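One structure follows; several queries about it will come next.
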Amino acid sequence: MNSKRTKIMVDILMTIFLILSFIRWDGTDGAVYHIAVGSACALFFAVHIFIHRKWIKAATKSCFAGKLNKTLRGKYIINMLLLVVWGISIITGFFALSPFFNEMSDSGTGRLHGITARIGLGLIVIHIIQHIPQIKSYIGIGKRAKNES
């Protein structure tokens, strides 16, 4: 399950569904669409966390022991913020669209869902920037340059 190919596919699918979840559609069909793509994104987010659970556990221990270097500490902080913010966004998304609320956009839960989703999007941009070297490595950009020289 932890193969490089699996990680890449989960990340690609999570990203696609995240982008699709930000597309606005009016009416009931739009809500159904948002629920479907948001649920798929949440599922891939959970799988992503599961795949990286060993890193999360090791980084948490190292962070609290003061053993993380500056780069890893920055990645850890962004990852933990993402975990909290997207966790809130996912939970409020399910609550806001539940039978207990009439309209997501009119409820406080719906507003919190929208705010955390936007904050999460910003954190994802930072997260991706932090992982540019790994992304290049996965798609072989750095390897070709080394082989050609």
Side-chain angles (χ1 to χ4, degrees), residues 1-24 31-101 104-105 107-149:
M1 174 106 183
N2 288 344
S3 74
K4 188 187 302 187
R5 184 174 287 145
T6 301
K7 290 178 182 181
I8 292 169
M9 289 305 302
V10 168
D11 288 351
I12 289 170
L13 289 168
M14 183 173 56
T15 302
I16 289 170
F17 283 106
L18 177 67
I19 291 166
L20 291 174
S21 73
F22 277 89
I23 297 173
R24 287 287 195 197
V32 170
Y33 164 83
H34 186 74
I35 292 168
V37 297
S39 296
C41 184
L43 174 68
F44 286 111
F45 176 72
V47 172
H48 179 86
I49 296 302
F50 178 77
I51 289 171
H52 292 88
R53 71 192 179 283
K54 289 179 184 175
W55 182 88
I56 294 168
K57 184 178 178 179
T60 300
K61 281 184 178 181
S62 295
C63 186
F64 286 107
K67 296 179 181 178
L68 284 183
N69 65 37
K70 188 176 179 179
T71 303
L72 285 177
R73 194 175 326 117
K75 285 182 179 182
Y76 177 78
I77 290 167
I78 294 298
N79 280 312
M80 291 304 105
L81 286 171
L82 272 168
L83 185 63
V84 170
V85 168
W86 279 114
I88 293 168
S89 184
I90 290 166
I91 291 166
T92 56
F94 285 121
F95 279 129
L97 293 170
S98 75
F100 301 110
F101 298 95
M104 184 175 99
S105 59
S107 70
T109 307
R111 284 189 293 278
L112 181 58
H113 174 69
I115 291 166
T116 55
R118 285 165 182 80
I119 292 169
L121 186 60
L123 290 170
I124 284 175
V125 170
I126 295 168
H127 179 77
I128 290 170
I129 290 169
Q130 288 177 325
H131 284 80
I132 287 175
Q134 289 92 340
I135 294 167
K136 285 181 177 180
S137 171
Y138 284 163
I139 57 179
I141 289 175
K143 291 177 184 174
R144 276 186 251 153
K146 287 179 185 176
N147 291 339
E148 290 175 4
S149 56

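Since we're looking at a predicted model, the values are computed, not measured. The analysis underlying the following values was restricted to heavy atoms, covering all of them including side chains, and did not include hydrogens, waters or symmetry mates.
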Could I get the full list of side chain to side chain contact (heavy atoms under 4.5 Å, CB included) partners for Lys61, not counting sequence neighbours?
Lys57
To the closest 0.5 Å, what do you measure between CD (Gln134) and CD1 (Ile128)?
12.0 Å
Side chain to side chain, Leu43 and Ser39, heavy atoms closer than 4.5 Å
no
Distance col, row Cys63:SG vs Ile77:CD1, nearest 0.5 angstrom, shows 6.5 Å
State which residues pass side chain to side chain donor-acceptor pair (under 3.5 Å) with His131; sequence neighbours excluded, sorted by chain then number.
none
From Lys75 NZ over to Leu72 CG, what is the distance, rounded to the nearest 0.5 angstrom?
6.5 Å
Between the OG1 atom in Thr109 and the CZ atom in Phe94, the distance rounded to the nearest 0.5 Å is 14.0 Å
Approximate separation, where rounding is to 0.5 Å, of Ile90 CD1 and Phe45 CZ:
5.5 Å
As an exercise, state the distance from OG1 of Thr71 to CD of Gln130, rounded to the nearest 0.5 Å.
9.0 Å
If a pair satisfies ring-ring contact (aromatic ring centres under 6.0 Å, His included) and one of its residues is in residues 55-75, list it, with sequence neighbours excluded.
none
Side chain to side chain donor-acceptor pair (under 3.5 Å) with Thr60: which residues, sequence neighbours excluded?
Tyr76
Would you give me the side-chain donor-acceptor pairs under 3.5 Å for residues 12-21, sequence neighbours excluded?
from  : atom 1 : to    : atom 2 : distance (Å)
Thr15 : OG1    : Asp11 : O      : 2.7
Ser21 : OG     : Leu18 : O      : 2.6

Could you list all the side chain to side chain donor-acceptor pair (under 3.5 Å) pairs where at least one residue sits in residues 116-127, not counting sequence neighbours?
Asn79-His127
Yes or no on side-chain contact (heavy atoms from CB on, under 4.5 Å) for Ile56 and Met80, after CA distance, side-chain angles and deciding distance?
CA-CA 9 Å; Ile56 294 168; Met80 291 304 105; 3.9 Å; yes
